[in-house]
Chemist: 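Quick one: the structure is below, and I'll ask about it shortly.
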There are 2 protein chains.
Amino acid sequence: MSTVPAFKRLPRAVREQQMLDAAVKVFSRRGFHAASMDEIAEDAGISKPMVYAYLGTKEELFVACLHREGTRMMQAIAGAAAPDLPADERLWRGLRAFFGFVGAYRDGWAVLYRQARGEQPFAGELATMRARLVEVVAGMLDHALRAEGREIAAVDLEVVAYALVGATESLADWLADHPDADPEKTATRMMNVAWLGAAQLLHGATWRPPVD
Amino acid sequence: MSTVPAFKRLPRAVREQQMLDAAVKVFSRRGFHAASMDEIAEDAGISKPMVYAYLGTKEELFVACLHREGTRMMQAIAGAAAPDLPADERLWRGLRAFFGFVGAYRDGWAVLYRQARGEQPFAGELATMRARLVEVVAGMLDHALRAEGREIAAVDLEVVAYALVGATESLADWLADHPDADPEKTATRMMNVAWLGAAQLLHGATWRPPVD
DNA sequence: GAGCATACCTACTCGTGCGTAGGGTTACGC
DNA sequence: GCGTAACCCTACGCACGAGTAGGTATGCTC
C-alpha cells in the first residue's frame with residue numbers, strides 16, 4: 001500500500017529538534033521525575049523507541065535539553081555584551097539579552113532554573129554555568145573598581161555578584177510567570193536595582209551594622 | 001521475654017518530629033520524587049507503616065515538612081523585624097534573622113527553596129509564602145517612600161521587592177553550600193547591596209536606558 | 001491483672017514507567 | 001530493480017517504590 005503514511009518520515013536532525021522541544025516542554029511542566037518518556041514521545045508526535053534511538057536514556061535526554069537551552073542563553077548574553085564597553089553599558093546589554101532569552105524561551109528557562117537545581121545529577125552542571133555568569137559579573141565589577149583605583153576583597157566581590165545574579169534570576173522567574181510583562185521593561189527595572197546599588201558600592205559607600 | 005527491645009517505644013509527638021527530621025533530610029538530598037518512603041523510614045529508625053500511620057501519604061508528608069520549615073522561617077523573621085522600626089533597621093534585622101535560619105536549618109531551606117519550586121502540587125503553596133515576603137518588603141519600601149513624600153508605581157515597587165527577595169534567596173543558597181561561611185557576615189553583605197541600592201531609588205535616583 | 005489503646009513490625013500487592021526485542025516500511029545509491 | 005540503511009512501530013519484561021493487610025508486644029487504667 002502506497003497511501004500517504006500517517007506520519008511523515010523526517011531526517012534525524014529535524015526529529016531530534018522536535019523531540020528536544022517536546023522534552024523541554026514536558027520537563028518544564030512536570031519536573032524531571034514526574035515527566036514520562038511516553039508523554040514526551042507522544043508530544044513529539046513519535047514513538048518512544050525513537051527517542052531512545054536518537055537521544056538516549058531519560059538522563060541523557062535531560063542533559064541534552066540543558067545543553068541546548070544553556071548554550072542558547074549563554075550565546076545570547078555573550079553576543080550582546082562586548083567586553084570592551086564600560087561596565088554599566090555591558091551590564092545593561094547583558095541584562096537585556098538575558099531577559100529577552102527568558103521571554104522568548106520561557107519553558108527553557110523553567111527547565112534550567114526551576115527543575116535542574118534540585119535534581120542531584122544535574123545540579124553540578126547547572127552550578128558550573130551559573131558560576132561562569134557570576135564570574136563574568138564579578139570581573140565586570142572588579143574592572144570598574146580598578147578603573148577608579150579602588151579594590152575590594154575577592155570574597156565580597158563574589159558575593160555581590162552572586163546577589164546580582166540571584167536578583168536577576170528571580171526577576172526572570174517573575175517574567176516567566178507573567179506572560180504579558182515586557183522583557184525590556186523588566187530589564188530596565190533590574191538595572192535600576194543592580195546598578196544604583198552596585199555604583200554606590202563602587203564609589204566606596206558601605207553600610208555597617210548598628211552596634212545594638 | 002522481657003529483654004530490652006531493639007527499639008524504644010516513644011510517644012507519638014517525638015516520633016513525628018524524628019520522622020520530619022529524616023524526611024527533610026532525605027527530601028533535601030534527593031528531591032521529592034527520587035526520595036523513597038523506605039529511605040525516610042530507615043533514616044528515622046522506624047518502619048514504613050509507622051510513617052503512613054502518623055504523617056500520611058508521601059505528598060502529605062512533604063507538605064508537613066514544608067509547613068514546619070516554612071513557619072519556622074516566618075516566625076524567625078517576624079519575631080526579629082518589629083514593624084515600628086525605621087525601614088533600614090527592619091530590613092537589617094529581617095535579613096539577619098533569615099540568614100540565621102538558613103544557617104541553622106540548611107536542609108530545611110533546601111527543601112523549601114530547591115525542591116518545592118519545581119514540583120507542580122507544591123509550587124503554589126510556596127509561591128504564597130514567597131508572595132507574603134515580597135509584600136512585606138514592598139510595604140517597607142513604600143512606607144519609607146511616603147515618609148519622604150514620594151511615590152512609585154505599585155508595579156515598580158513590587159518588582160524591586162521581588163529582586164531584593166531573589167537576591168537574598170540566592171545568597172542563602174550560597175550560604176547553604178558553604179558550611180564555613182558566617183550567616184551574620186552574609187547578611188551584612190546582602191544589606192550592602194540591598195540597602196545602598198534601595199536607598200538610591202528611595203531618594204529619587206533613576207537609571208535610564210541609553211537611546212542607542 | 002484484665003482489658004484496651006497505642007506503638008510497632010514483616011511481608012505482601014499492584015501500578016507505573018523505564019528501557020528493549022524484534023520486526024515492518026520507505027527512500028536512496030548503484 | 002535490488003540491496004541496504006535509515007526511519008518508525010507495537011508490544012513486552014522488569015524493577016522499583018507507594019501504600020496496606022494482618023499481627024505482635026508494651027505500657028496504662030481501673
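Numbers restart at 1 for each chain; the letters A, B, ... are given by sequence-line order, proteins then strands. These numbers come from the heavy atoms of this one structure, side chains and all, not from hydrogens, waters or symmetry mates.
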Chemist: Select one nucleotide: of D:dA21, D:dG19, D:dT10, the one nearest the side-chain heavy atoms of B:Pro49.
Modeler: D:dA21

Chemist: Phosphate oxygens OP1/OP2 of D:dA6: is one of them under 4.0 Å from a side-chain N or O of A:Tyr54?
Modeler: no

Chemist: Nearest-Å distance, CE (B:Met37) to P (C:dC12)?
Modeler: 21 Å

Chemist: Would you mind reading off the distance between A:Glu42 atom CD and D:dC8 atom P, rounded to a whole angstrom?
Modeler: 17 Å

Chemist: Side-chain contact test, heavy atoms from C-beta onward, threshold under 4.5 Å: evaluate it for B:Leu95 versus B:Phe99 and give yes or no.
Modeler: yes

Chemist: Give the nucleotide from the list D:dT10, C:dC8, D:dG17 with an atom nearest to the side chain of A:Ser47.
Modeler: D:dT10

Chemist: Of all the choices, D:dC8, C:dA7, C:dG19, which nucleotide is nearest to the side chain of A:Arg9 once you look at every atom?
Modeler: D:dC8

Chemist: Calculate the interatomic distance between A:Arg12 atom CZ and D:dC8 atom P; express it in whole Å.
Modeler: 11 Å

Chemist: So how far is it from B:Leu55 CG to B:Met19 CE, rounded to the nearest 0.5 Å?
Modeler: 6.5 Å

Chemist: Choose from C:dC18, D:dA18, C:dA7 the nucleotide whose nearest atom is closest to any side-chain atom of A:Asp38.
Modeler: C:dC18

Chemist: Between B:Arg117 and A:Asp173, is the closest basic N to carboxylate O distance under 4.0 Å?
Modeler: yes

Chemist: Rounded to the Å, how far apart are A:Leu55 CG and C:dC18 P?
Modeler: 14 Å

Chemist: Could you state the CG-P distance from B:Leu10 to D:dG27, rounded to the nearest angstrom?
Modeler: 11 Å

Chemist: Round to the nearest Å and state the distance from B:Lys58 atom NZ to C:dT16 atom P.
Modeler: 15 Å

Chemist: Take atom CD of A:Gln18 and atom C1' of D:dC7, then tell me their distance rounded to the nearest Å.
Modeler: 13 Å

Chemist: Out of B:Phe98, B:Phe101, B:Trp174, which one pairs with B:Trp109 under the ring-ring contact (aromatic ring centres under 6.0 Å, His included) rule?
Modeler: B:Phe98

Chemist: Choose from C:dT20, D:dA18, C:dC9 the nucleotide whose nearest atom is closest to any side-chain atom of B:Lys48.
Modeler: D:dA18

Chemist: Under 4.0 Å between any heavy atoms, over every strand shown, what does B:Ala35 touch: base, sugar-phosphate, or nothing? Just pick one.
Modeler: sugar-phosphate

Chemist: Tell me whether the OP1 or OP2 atom of D:dA6 has a side-chain N or O from A:Arg15 closer than 4.0 Å.
Modeler: no

Chemist: Can you check side-chain hydrogen bond (donor to acceptor under 3.5 Å, both in side chains) on A:Gln17 and A:Arg68, steps first, answer last?
Modeler: CA-CA 10 Å; A:Gln17 291 308 311; A:Arg68 194 182 68 167; 2.7 Å; yes

Chemist: Please report, rounded to the nearest Å, how far the P atom of C:dG19 is from the CE atom of A:Met50.
Modeler: 16 Å

